[in-house]
A.B. asks: 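For reference, the structure I am asking about is given below.
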Amino acid sequence: VNSGGNTDQNSNQSSESDTSKEANTPKYEYITATIENTYPTGYGTIHAPENAIVITKVTGTAANSNYVIPYTIDGKKVAAIMPLAFSEVSASVKSVTLPSTVRTIWNDAFKGCYSLTDIYVKSAAIGIYTDAFPEVSKRAGTLTIHCSRECMDFDYYYYRNIAYKYDAVYKEWNG
């Protein structure tokens with residue numbers, strides 16, 4: 001298991017800013033992506049993504065409880081969010097932005113994230129398992145699935161159906 005931070009953000013800040021930012025920067029533990037941990041059965045992909053990882057655990061609280069998953073961690077593309085990845089920070093999660101590199105959100109990835117109100121999806125082809133997000137009866141508010149132009153162009157109805165399954169709101173997003 002490896003651990004990395006968001007190395008793509010604001011590397012030119014002063015050391016004082018880096019120190020305060022560090023307190024509000026989540027850390028991502030991960031393993032190497034394989035076909036089994038990246039794509040659901042029957043997805044049609046015949047090989048694992050190259051130079052990619054899957055997030056297994058998130059620690060540390062994000063600023064304003066808004067988690068922005070980076071496109072890369074330690075130079076490797078983020079391909080999936082594994083079961084229980086957000087369980088350690090579940091009480092603090094309000095929104096999550098996924099990069100276009102993510103292909104799968106596995107069951108229980110956001111288990112216990114009852115304050116999760118916004119998911120921002122940039123990917124054109126992403127498998128979202130039925131139990132990826134918290135149950136409607138346990139959520140503190142309405143979940144909104146924001147879909148970028150890329151994912152709307154790919155499969156307009158897929159993300160609307162995902163929102164319907166979670167009794168969530170679907171919104172278009174210019175992200």
A.B. asks: Could you tell me if the side chain of I105 sits less than 4.5 Å from the side chain of L98, heavy atoms only?
C.D. replies: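 Yes, at least one pair of side-chain atoms sits under 4.5 Å.
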A.B. asks: Identify, with sequence neighbours excluded, every residue that meets side-chain contact (heavy atoms from CB on, under 4.5 Å) alongside P83.
C.D. replies: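 Here the qualifying residues are W106.
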A.B. asks: Which distance, rounded to the nearest 0.5 Å, do you find between the CD of E135 and the NZ of K111?
C.D. replies: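 Between atom CD of E135 and atom NZ of K111 there are 8.0 Å.
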A.B. asks: So which heavy atom on P134 is nearest to which on L116, and how close?
C.D. replies: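 Scanning both residues, the minimum pair turns out to be CD-CD2, 4.4 Å.
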A.B. asks: With distance as the sole test, does S92 use its side chain to make a donor-acceptor pair with the main-chain N or O of S65 at under 3.5 Å?
C.D. replies: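 Checked: no pair found.
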A.B. asks: Using the ring-ring contact (aromatic ring centres under 6.0 Å, His included) criterion, which residues pair with Y166? Sequence neighbours excluded.
C.D. replies: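 Y166 satisfies ring-ring contact (aromatic ring centres under 6.0 Å, His included) with F133 only.
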A.B. asks: Find out whether F86 and I55 are in side-chain contact, i.e. whether some heavy atom of one side chain is under 4.5 Å from a heavy atom of the other.
C.D. replies: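 No, their side chains stay 4.5 Å or more apart.
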A.B. asks: Can you tell if the side chain of I81 reaches within under 4.5 Å of the side chain of V96, non-hydrogen atoms only?
C.D. replies: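 No, every pair of side-chain atoms sits at 4.5 Å or beyond.
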A.B. asks: Partners of E50 by side chain to side chain donor-acceptor pair (under 3.5 Å), sequence neighbours excluded?
C.D. replies: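 E50 satisfies side chain to side chain donor-acceptor pair (under 3.5 Å) with no other residue.
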A.B. asks: Side chain of T97, backbone of Y120: donor and acceptor closer than 3.5 Å?
C.D. replies: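 Answer holds: no.
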A.B. asks: Without swapping roles, check the side chain of T56 against the backbone of E29 for a donor-acceptor pair under 3.5 Å.
C.D. replies: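 Side chain of T56 to backbone of E29: a pair is present.
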A.B. asks: Report the residues that fulfil side-chain contact (heavy atoms from CB on, under 4.5 Å) with A62, sequence neighbours left out, ordered by chain and then residue number.
C.D. replies: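 With neighbours one apart ignored, the set is P26, Y67.
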A.B. asks: Kindly compute the distance separating CD1 (I128) from CD1 (I119), expressed to the nearest 0.5 Å.
C.D. replies: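 Spacing of CD1 (I128) from CD1 (I119) equals 7.5 Å.
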A.B. asks: Would you give the length of the straight line joining atom OH of Y170 to atom CG of L143, rounded to the nearest 0.5 angstrom?
C.D. replies: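 Rounded to the nearest 0.5 Å, the OH-CG separation comes out at 14.0 Å.
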A.B. asks: Can you find a heavy atom in the side chain of Y30 that is under 4.5 Å from one in the side chain of D74?
C.D. replies: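 The answer is yes; the side chains approach within 4.5 Å.
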A.B. asks: Looking at residues at least two apart in the chain, or sitting in another chain, which of them share a side chain to side chain donor-acceptor pair (under 3.5 Å) with D108?
C.D. replies: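 Once residues adjacent in sequence are excluded, D108 has no partner under the side chain to side chain donor-acceptor pair (under 3.5 Å) criterion.
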A.B. asks: How would you list all residue pairs meeting salt bridge (Lys or Arg N to Asp or Glu O under 4.0 Å) that involve residues 55-71, not counting sequence neighbours?
C.D. replies: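 Those involving residues 55-71 are K57-E88.
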A.B. asks: Rounded to the nearest 0.5 Å, what's the gap from CG on D118 to OG1 on T142? Could you check?
C.D. replies: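 Here the interatomic distance stands at 10.0 Å.
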A.B. asks: Any side-chain heavy atom of I53 sitting closer than 4.5 Å to one from V78?
C.D. replies: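 Counting from C-beta outward, I53 and V78 do come under 4.5 Å.
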A.B. asks: When you measure from the side chain of S148 to the backbone N and O of W173, does any donor-acceptor pair fall under 3.5 Å?
C.D. replies: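 Between the backbone of W173 and the side chain of S148 there is no qualifying donor-acceptor contact (under 3.5 Å).
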A.B. asks: With sequence neighbours left out, write down each residue that passes side chain to side chain donor-acceptor pair (under 3.5 Å) with T144, or none if nothing qualifies.
C.D. replies: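 If we apply the side chain to side chain donor-acceptor pair (under 3.5 Å) test to T144, skipping adjacent residues, there are no hits.
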A.B. asks: Determine whether Y129 and M82 fall in the same hydrophobic cluster, where Ile, Leu, Val, Met, Phe, Trp and Tyr are linked whenever their side-chain heavy atoms lie under 4.5 Å apart.
C.D. replies: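 They do share one cluster, since a chain of ILVMFWY contacts under 4.5 Å joins Y129 to M82.
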A.B. asks: Name all residues meeting the side-chain contact (heavy atoms from CB on, under 4.5 Å) criterion together with N51; count only those two or more places apart in sequence or in a different chain, and write none if there are none.
C.D. replies: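 side-chain contact (heavy atoms from CB on, under 4.5 Å) check on N51 returns K76.
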A.B. asks: Measure the CD1-CG distance between I145 and N161 for me, rounded to the nearest 0.5 Å.
C.D. replies: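 If I round to the nearest 0.5 Å, the distance is 10.5 Å.
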A.B. asks: Suppose we screen for side-chain contact (heavy atoms from CB on, under 4.5 Å). Which residues come up paired with A33, at least two apart in sequence or across chains?
C.D. replies: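 Listed in chain order: N37, T38, P49, A52, V54, A79.
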A.B. asks: Identify, with sequence neighbours excluded, every residue that meets side chain to side chain donor-acceptor pair (under 3.5 Å) alongside S87.
C.D. replies: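 Partners of S87 under the side chain to side chain donor-acceptor pair (under 3.5 Å) test: none.
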A.B. asks: Calculate, to the nearest 0.5 Å, the distance between atoms SG and NZ belonging to C147 and K171 respectively.
C.D. replies: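 C147 SG to K171 NZ: 13.5 Å, rounded to 0.5 Å.
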